[in-house]
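Proteins get letters first, then strands, A, B, ... in listed order; numbering begins at 1 in each.
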Amino acid sequence: MADTRAAAETAERGGAEDAQAVEALPPEQPGLPPSEWIRKNLFSSPFNSVLTVAFGLLALLIVRGLLNFTFSEERNWDAVRTNLRLIFTHAYPEEQYSRIWVCVGTIAVLAGLSVGLAAAETARRGVSVRKLSSSLVAMGATVALGVVLREPSALTDIEGRVRRDDSGIMRESFAEAMTDRWAWWLAAAVLASAGAALWFGFGDERRRETYVRPVELFMVGSAVLVLSGWIYPWGHYAFADGEFIAEPGRTVAMSTKLPWTVIWLLLAAAIAAGRSMRRAGAGPNFTLALNLCWLACPFVLYWVVLRDPDLDWGRVLSVDIPLGVLFAALGGAVLWLLTDQRIGELGRIIATLLMGVAVLNWVAGFFGWYPMLQKVRLSFLLVALAALVAHNFAGERSKRLRLLAVWVALMAVFHYMATLMNSPSTVETPTEALIGGFSVTLIVASFTLLFSFPLGVMLALARTSRLPIFRVMSTSFIEVVRGVPLITILLFFAVMLQLFLPDGMSISLIAAATLGYTLFSAAYLAENVRGGLQSIRRGQYEASDAVGLTAMQRTLFIVLPQALRVSIPPLVGQVIATFKETSLLAVIGAFDLLRMANNVIPSQTQFLGVKREGLLFVCLVYWVFAYAMSKHSQRLEKRLGVGER
Amino acid sequence: MSVSDATTALTEALAARDDMIVCEGVNKWFGDFQALDEISAVIKEREVVVVLGPSGSGKSTWIRCINRLEVHQEGRIVVDGIELSNDLRNIEKIRSEVGMVFQQFNLFPHLTVLDNITLAPIWVRKKPKRESDDTARSLLERVGIPEQAEKYPGQLSGGQQQRVAIARALAMEPRIMLFDEPTSALDPEMIKEVLDVMKELARSGMTMMVVTHEMGFAREVADRVIFMEEGQIVETGTPEHFFTDPREERTKLFLSQIL
């Protein structure tokens with residue numbers, strides 16, 4: 001009795017200590033006064049002073065060069081402003097644009113829910129007001145510095161041409177330039193005064209202890225952007241039938257301000273909804289449902305929303321629905337049989353035989369031995385795969401019934417999607433591809449990641465497997481793919497894949513490229529995951545063995561979660577790399593973001609040869625997304641660090 | 001019926017029904033190094049056996065052979081009537097009958113304490129989640145840390161972690177518990193809390209095999225002490241006999257070094 005009490009006391013003490021460690025964060029160190037900070041960090045020794053001055057000057061020169069390039073009179077930013085729609089969606093028909101807004105809205109709602117639900121898990125409180133206000137002032141100062149650094153604008157004549165004299169381009173005087181740029185001064189003043197207002201509005205204490213979450217910062221920033229659309233007519237555009245038409249008065253801001261406002265409101269509502277659900281104690285089931293929505297999102301948005309398939313109801317009723325029902329029933333019967341605990345080893349043999357038949361179907365298709373719908377081949381493969389893993393779900397009646405329900409749902413979704421994909425689209429575009437520009441970049445990147453993650457994990461597991469056949473196959477695949485340049489793989493798939501497909505199956509350029517990207521990315525992901533697998537200590541394997549977990553359970557519940565967590569930084573690196581590598585689509589002839597800037601815009605009659613602006617803008621778009629991903633991964637690492645030793 | 005079959009049948013007939021672990025002539029080598037040398041021993045039901053010996057004497061290797069974390073090369077090991085062989089189903093069966101506690105705890109760091117304990121009952125014993133949760137909470141109560149259920153192992157002290165590890169092993173309702181130096185990685189002030197749990201377990205009638213350096217525990221709780229050196233069992237006896245009147249020279253030398 002005394003023993004247990006002592007133990008309980010120790011435990012309590014331990015608990016109290018832990019609670020303290022979480023709640024009593026050390027006070028933020030009061031910062032040095034500015035003069036002291038400058039002396040300590042910039043001019044601490046004569047040599048360091050020289051370094052500071054020299055590299056400071058270099059940085060100023062670079063900034064000046066960049067600003068002069070961006071705001072030079074020779075820059076034709078109209079090329080970007082007019083072609084915004086082309087850059088983001090290529091030739092997707094204007095009257096169908098509501099479909100794109102539905103996609104953006106769906107993603108916004110899902111993102112909002114996820115962010116709202118996850119907020120509690122992030123222990124860090126975000127940015128302190130102190131830091132926020134000082135960075136606002138710093139931003140104001142940077143804008144002001146930029147205004148001063150930029151060289152004075154060139155003088156133009158009435159027709160807008162740059163005036164030149166003997167010494168080159170004629171420029172206005174420095175004083176004129178400074179007064180001309182009143183809008184920039186205003187922006188600098190607004191930023192700096194907002195910072196100052198925050199600084200003095202909060203007391204010294206509150207300034208340090210009030211935190212603003214990154215989400216809130218993002219929402220405020222995007223609100224400012226969206227509202228600006230109602231005030232200033234950003235971007236004028238017109239592009240129809242492959243021809244650029246100057247249509248004054250129609251601006252991008254005017255046609256998008258309403259959708260963007262609605263989407264901003266949806267996002268805000270979704271975040272609020274996510275938060276209130278979290279407070280109401282939404283369980284893991286809700287998170288699971290949300291994640292399933294994320295998984296389904298690319299498929300549904302692309303094939304259902306953007307593509308709007310034209311279903312042939314006669315065929316659907318006579319072929320597609322009966323096929324789906326048949327496979328649901330037959331597969332269900334097989335699964336019911338195989339999850340019977342009495343079947344034992346025989347079950348595995350049956351499953352392996354089914355797999356053999358499924359693979360044979362593909363071989364037969366390749367040689368053209370007997371005709372068969374692709375859907376039947378795929379469904380059969382799914383039945384065989386499910387049969388192979390069925391024995392893991394053997395158990396009592398209710399459990400087997402649940403497995404059957406999942407199977408029927410899977411078949412319904414699969415046959416529905418397959419039917420949609422086989423139907424022609426009702427959306428008519430002047431180009432071969434449905435959509436292009438940044439949309440295709442995003443679509444290819446998300447499908448690649450969706451497929452290459454499971455494939456990469458499987459390859460990594462196979463490479464560390466005890467079965468030699470898996471090890472050899474996986475190692476040779478990884479080494480072959482890693483030894484071939486990505487562009488070669490892409491070109492190969494774009495040209496050759498069609499030849500390797502069974503009769504009657506065709507594949508678009510984008511799909512072929514996605515497949516190439518998937519295999520390439522999977523090989524690299526596999527190596528990253530393998531690194532994680534090797535970091536798992538032997539004790540973890542022994543402990544899982546000692547409690548009687550099977551090898552598959554051990555891999556799923558113990559090894560993979562830890563291995564994936566360890567490999568987050570390299571995995572995110574690979575995700576970002578894949579996202580950026582989609583720009584190679586331009587090389588194999590698809591109309592992606594880069595192709596717009598590099599080929600399409602410069603060949604328009606109005607903007608003949610205007611390339612730099614578009615390329616700079618494309619850089620900016622890639623950077624914004626890549627940087628956001630990298631930031632998010634840092635937060636993810638911190639959040640998942642909770643369970644670390 | 002061949003002669004060897006007859007001897008096997010005879011030994012099995014002779015083995016009383018309450019024999020939990022039977023080892024006969026177990027040999028194991030790591031490369032050229034012989035880790036276990038003709039180990040033969042019988043551990044009865046409800047018996048608490050403490051294995052002592054200098055480091056490198058093969059104690060841990062032996063205990064790890066019993067649930068097949070290590071594979072022995074010669075001899076027989078029979079656990080609760082099931083002989084250890086290469087047959088996977090036998091191994092899985094034995095592992096779910098035998099609980100093991102490790103020197104380094106080996107908790108699953110990415111799971112909460114509760115999930116650590118309930119994982120195996122849910123997936124191996126196929127118990128409903130709610131029932132496993134209840135069992136886990138009562139086990140945490142038993143080891144004295146009911147309030148830590150939602151925490152992660154990394155947030156607990158070493159002693160608390162080891163108690164969670166004991167609860168995790170107990171959740172499978174094992175018939176035998178193996179302890180591989182359960183207190184060696186602990187700070188001195190935490191050893192007692194773990195030993196207390198083990199004593200309570202021994203009093204409840206669990207069959208236990210404990211490799212340890214805690215002489216106090218051996219003296220107080222053990223029914224029998226086995227002393228090993230260089231892969232051999234040197235001496236076996238009750239704690240009183242072992243600590244007060246050892247027969248073998250090597251045992252005397254060992255005891256003089258540590259006591």
Side-chain angles (χ1 to χ4, degrees), chain A residues 1-19 21-22 284 341 344-345 392-396 398-400 535-554 556-566 640-645, chain B residues 64 67-69 88 91-112 115-116 119-121 123-126 141-148 151-157 159-160 163 165 168-169 171-172 178 189-190 192-197 199-200:
Chain A
M1 195 61 209
D3 289 342
T4 39
R5 209 184 318 127
E9 269 170 26
T10 349
E12 251 172 46
R13 230 178 301 128
E17 272 164 23
D18 283 339
V22 173
Q341 270 170 336
E345 201 70 5
N392 288 298
F393 300 96
E396 63 228 61
S398 63
K399 228 174 137 185
R400 289 166 76 189
S535 74
I536 308 295
R537 281 189 268 176
R538 203 169 143 225
Q540 293 291 311
Y541 289 89
E542 289 180 349
S544 350
D545 286 346
V547 290
L549 295 180
T550 63
M552 185 184 262
Q553 290 165 345
R554 181 183 69 199
L556 278 183
F557 302 136
I558 307 302
V559 178
L560 268 188
Q562 295 185 58
L564 289 179
R565 187 169 301 183
V566 174
L640 292 178
V642 176
E644 286 299 321
R645 264 169 215 238
Chain B
R64 287 157 61 85
N67 66 351
R68 202 120 174 137
L69 289 182
L88 253 153
I91 298 170
E92 277 170 18
K93 189 135 191 266
I94 286 171
R95 280 179 179 160
S96 60
E97 300 277 312
V98 179
M100 178 136 188
V101 176
F102 299 88
Q103 180 178 358
Q104 297 295 343
F105 328 136
N106 292 348
L107 292 178
F108 306 129
H110 61 299
L111 299 178
T112 61
D115 290 339
N116 260 282
L119 184 74
W123 289 95
V124 181
R125 289 256 190 260
K126 316 274 182 196
E141 193 94 36
R142 187 168 168 194
V143 299
I145 40 173
E147 71 288 348
Q148 313 284 8
K151 286 197 184 160
Y152 286 93
Q155 296 168 302
L156 304 184
S157 72
Q160 290 170 334
R163 285 187 279 162
R168 178 176 69 180
M172 288 293 284
L178 306 176
E189 73 271 20
M190 290 168 186
K192 184 173 174 297
E193 63 190 54
V194 173
L195 289 182
D196 285 341
V197 171
K199 284 177 196 165
E200 187 269 326

> Donor-acceptor pair, Glu92(B) side chain versus Thr550(A) backbone, under 3.5 Å?
Replying inline: no

>> Using every non-hydrogen atom in the two residues, find where Gly548(A) and Arg95(B) come nearest and quote the distance to one decimal.
In response: CA-CB, 4.1 Å

>> Apply side chain to side chain contact (heavy atoms under 4.5 Å, CB included) to residues Gln104(B) and Arg537(A) and explain how you reach the verdict.
In response: CA-CA 11 Å; Gln104(B) 297 295 343; Arg537(A) 281 189 268 176; 6.0 Å; no

>> So does Ala546(A) get a backbone contact from the side chain of Asn67(B), meaning a donor-acceptor N/O pair under 3.5 Å?
In response: no

> Between atom CD1 of Ile558(A) and atom CG of Leu111(B), what is the distance when rounded to the nearest 0.5 Å?
Replying inline: 5.5 Å

> Does any heavy atom of chain A fall under 4.5 Å from the side chain of Val98(B), the backbone, both, or neither of them?
Replying inline: backbone

> Between Val197(B), Ile94(B), Val124(B), which has the largest tally of heavy atom pairs under 4.5 Å with chain A?
Replying inline: Val124(B)

> Any sub-3.5 Å donor-acceptor pair from Gln540(A)'s side-chain atoms to Leu107(B)'s backbone N or O?
Replying inline: yes

>> What's the separation between atom CG in Leu549(A) and atom CZ in Phe108(B), rounded to the nearest 0.5 Å?
In response: 6.0 Å

> CZ/Arg64(B) to CD/Glu542(A) distance, rounded to the nearest 0.5 angstrom?
Replying inline: 4.0 Å

>> Quick one, Leu119(B) with Val547(A), criterion side chain to side chain contact (heavy atoms under 4.5 Å, CB included). Give me CA distance, side-chain angles, the key distance, then yes/no.
In response: CA-CA 9 Å; Leu119(B) 184 74; Val547(A) 290; over 6 Å; no

>> I'd like to know if the side chain of His110(B) and the backbone of Arg565(A) have a donor-acceptor N/O pair within less than 3.5 Å.
In response: no

